[in-house]
Amino acid sequence: MTSLLVIIVLVLLAVALWQLTKIFDLTQVGSSSDDSQVASDNDNNVQGYIMFGFLAFIYIFTIYGLLKWGNLALHTPASEHGLLVDNLMNITWVLIFTVQVITQGLLYWFSFKYKGNKDKKALFFADSNKLEAIWSIIPSVVLAILILYGLYAWNNIMFVDKDEDVVEIELYAQQFKWTARYAGQDNVLGKANVRLIEGVNTLGVDMSDPNAQDDIVVTELHIPKGKKVHFKMRSQDVLHSAYFPHFRAQMNCVPGMVTEFAFVPTYTTAEYRELPFMVEKVANINKLRAEKSAELIAKGGTALDPYTFDYLLLCNKICGASHYNMQMKVVVDSPEDYKKWLSEKTTLAQDIKTAAAAEKPAEGVEPATDTTAKIKDTVKAVIDTVKAAVAKVAVK
């Protein structure tokens, strides 16, 4: 309702301004004015200075934005290839800002310097091979270097040697949650198909596949520091995107196919929490949360919990109404802690057996009959008895 009122007010303001403009035009009837609609020297001078004013606004706002929000960018990467990604990004930003400063400056300077003047006549020429060569060759060379460097970085990041010792993990995306499946002792993920989804087998793992017998399914992702983790990704319903911001990793999860990504974590969760920039960031967040909590308590609400940093797996595609809430906690452990955590988890095969045993009735106990079925049987018996009685009366 509030939004509707705001829209109505804005529409009424627009109509009022339009009417005031018409009234102002009517007040100018009969007054001496230049109706030629040809810009005068004064008009050109004003436009030239406005150009310079807008150029100053662009530069000032750019500097302000860097100072105000520059600290919100991701800081130290938590994966080996993260340094390469950040380096490529920084080079791209430097080139973009350099070109922006030069081209914007030239654009508005030339607009001011060569503004219209009644004593000057514009020079027209059809083409300039020299200029066309300059603005074609330079951007082409710069873009070619960037693209080649990007391909080099991409190939280094995506390359996984078949004989390399990696941890095999499947990430399963569905609206609106993530599930992880570990390959177990054999380090080979069992086959899976959405048509096999049933009961606790929510990922559709093919339990007839020998490689699936030791697979482990969890809802919190743990990975070991210093070892390459090879992720294979599936989607159950729509297009999702597995995004690990602190590891500089992202890959689409496409229904009907398996995509993959690999990286080596370089900081455990505990180590990353102790980095100076993260300590400062968490302290600042908790300061803001404390101020907000004071407001909530004053209004009779509940205080906010203190913030603690955790790595997160996010969905970076707008996949539906609860897309914003589709995330999974990621814990980077030391290799020893990782092995201990994994050894405490039960396999999917064990989970299925446990679920089946819970559903199976105990010996000597009559299976429970569905209440609705009992009622139907009782009603049917009563009806049959009434029909039999009526038939006897009719015969007599």
Side-chain angles (χ1 to χ4, degrees), residues 71-87 89 157-158 160 166-174 176-183 216-235 240-253 259-286 288-289 304-317 319 322-342 344-345:
N71 63 325
L72 298 179
L74 290 172
H75 205 277
T76 306
S79 64
E80 284 187 356
H81 77 261
L83 294 173
L84 187 59
V85 173
D86 284 3
N87 191 41
M89 180 63 75
I157 293 168
M158 295 302 294
V160 178
V166 298
V167 177
E168 293 284 351
I169 301 176
E170 178 186 71
L171 294 177
Y172 190 76
Q174 62 187 116
F176 297 95
K177 68 175 184 177
W178 294 98
T179 308
R181 177 164 64 109
Y182 290 75
I216 299 169
V217 176
V218 297
T219 55
E220 181 177 282
L221 184 63
H222 283 242
I223 52 179
K225 171 189 173 182
K227 189 166 184 177
K228 181 169 283 190
V229 185
H230 186 205
F231 293 100
K232 294 184 177 180
M233 306 166 195
R234 289 191 298 140
S235 172
H240 298 278
S241 185
Y243 178 42
F244 299 88
H246 294 91
F247 302 102
R248 308 300 193 266
Q250 178 175 318
M251 180 57 66
N252 287 344
C253 305
T259 53
E260 57 186 336
F261 201 102
F263 62 80
V264 180
T266 53
Y267 293 95
T268 66
T269 300
E271 290 172 345
Y272 205 83
R273 287 173 179 168
E274 296 302 319
L275 293 179
F277 86 91
M278 184 53 68
V279 172
E280 181 182 351
K281 186 173 183 177
V282 170
N284 185 49
I285 291 173
N286 283 327
L288 296 174
R289 292 174 75 87
L304 300 174
D305 294 330
Y307 169 74
T308 302
F309 168 78
D310 279 308
Y311 295 120
L312 289 175
L313 166 61
L314 306 171
C315 177
N316 212 20
K317 285 283 185 293
C319 57
S322 294
H323 152 75
Y324 70 95
N325 201 34
M326 185 173 171
Q327 55 186 262
M328 174 190 272
K329 180 180 176 181
V330 180
V331 180
V332 179
D333 294 316
S334 64
E336 296 76 18
D337 290 341
Y338 168 75
K339 289 179 181 178
K340 182 177 180 297
W341 173 84
L342 194 61
E344 295 171 351
K345 300 300 173 184

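Between Tyr243 atom OH and Leu313 atom CG the span is 11.5 Å, to the nearest 0.5 Å. Rounded to the nearest 0.5 angstrom, Tyr267 OH and His246 NE2 are separated by 12.5 Å. The distance from atom SG of Cys319 to atom CD of Gln174, rounded to the nearest 0.5 Å, is 11.0 Å. Taking SG of Cys315 as the reference point, atom CG of Asn252 lies at 9.0 Å (rounded to 0.5 Å). Here the CH2 atom belonging to Trp178 is positioned 10.5 Å from the CG atom belonging to Leu221, to the nearest 0.5 angstrom. In this structure, NE2 in His323 is found 9.5 Å from CZ in Phe176, a value given to the nearest 0.5 Å.
For the side chain to side chain contact (heavy atoms under 4.5 Å, CB included) test with Ser241, the passing option among Lys317, Met233, Met251 is Lys317; the others fail. Partner of Glu170 under the side chain to side chain donor-acceptor pair (under 3.5 Å) criterion, out of Lys232, Arg181, His230: Arg181 alone.
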What verdict does the salt bridge (charged side-chain N to carboxylate O under 4.0 Å, His left out) test give for Arg273 and Asp310, after you've listed the backbone C-alpha separation in whole Å, the side-chain angles of each residue and the deciding distance to 0.1 Å? CA-CA 8 Å; Arg273 287 173 179 168; Asp310 279 308; 2.6 Å; yes
Can Glu80 and Lys228 be said to form a salt bridge (charged side-chain N to carboxylate O under 4.0 Å, His left out), step by step? CA-CA 9 Å; Glu80 284 187 356; Lys228 181 169 283 190; over 6 Å; no
Assess whether side-chain contact (heavy atoms from CB on, under 4.5 Å) is satisfied between Ile169 and Val167, documenting all intermediate values. CA-CA 6 Å; Ile169 301 176; Val167 177; 3.9 Å; yes
Would Lys225 and Asp333 count as a salt bridge (charged side-chain N to carboxylate O under 4.0 Å, His left out) if you check the C-alpha gap in whole Å, the side-chain angles of each, and the deciding distance to 0.1 Å? CA-CA 6 Å; Lys225 171 189 173 182; Asp333 294 316; over 6 Å; no
Applying side-chain contact (heavy atoms from CB on, under 4.5 Å), run through Val264 and Val229 and close with a yes or a no. CA-CA 6 Å; Val264 180; Val229 185; over 6 Å; no
Dump the intermediate steps for salt bridge (charged side-chain N to carboxylate O under 4.0 Å, His left out) on Glu344 and Lys340, then the final yes or no. CA-CA 7 Å; Glu344 295 171 351; Lys340 182 177 180 297; 2.9 Å; yes
Passes side-chain contact (heavy atoms from CB on, under 4.5 Å), Val330 versus Ile223? Steps please. CA-CA 8 Å; Val330 180; Ile223 52 179; 4.1 Å; yes
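When atom types are taken as modelled, the side chain of Thr269 and the backbone of Val332 share a donor-acceptor pair closer than 3.5 angstrom. For the pair Thr266 (side chain) and Ala78 (backbone), a donor-acceptor distance under 3.5 Å is present. Remark: the backbone N or O of Asn325 is not paired with any side-chain donor or acceptor of Ser322 at under 3.5 angstrom.
Applying the salt bridge (charged side-chain N to carboxylate O under 4.0 Å, His left out) criterion to Lys227, with sequence neighbours excluded, gives Asp165.
The closest side-chain heavy-atom distance from Pro77 to Val85 is not below 4.5 Å. Proximity of Arg234 to Thr259: side-chain heavy atoms (C-beta onward) are nowhere separated by under 4.5 Å. For the pair Met278 and His75, the minimum side-chain heavy-atom distance is 4.5 Å or more.
The aromatic rings of Tyr311 and Tyr272 lie tilted to each other, with the angle between the two planes from 30° to 60°. In this structure, Phe244 and Phe263 have perpendicular ring planes: the angle between them is above 60°, well past the 30° mark.
Taking a 6.0 Å sphere around CE of Met158, one finds it holds more than 12 heavy atoms contributed by other residues, nucleotides or ligands. Counting heavy atoms of neighbouring residues, nucleotides and ligands inside a 6.0 Å radius, atom CD of Glu271 exceeds 12 of them.
His222 has its ring centre no less than 6.0 Å from the ring centre of Tyr338. Two rings, from His81 and Phe261, have their centers less than 6.0 Å apart.
When all heavy atoms of Pro224 and Pro335 are compared, the closest pair comes out as CB-CA, 4.3 Å. For the residue pair Ser334 and Thr268, the shortest heavy atom distance occurs at N-CG2, 3.9 Å.
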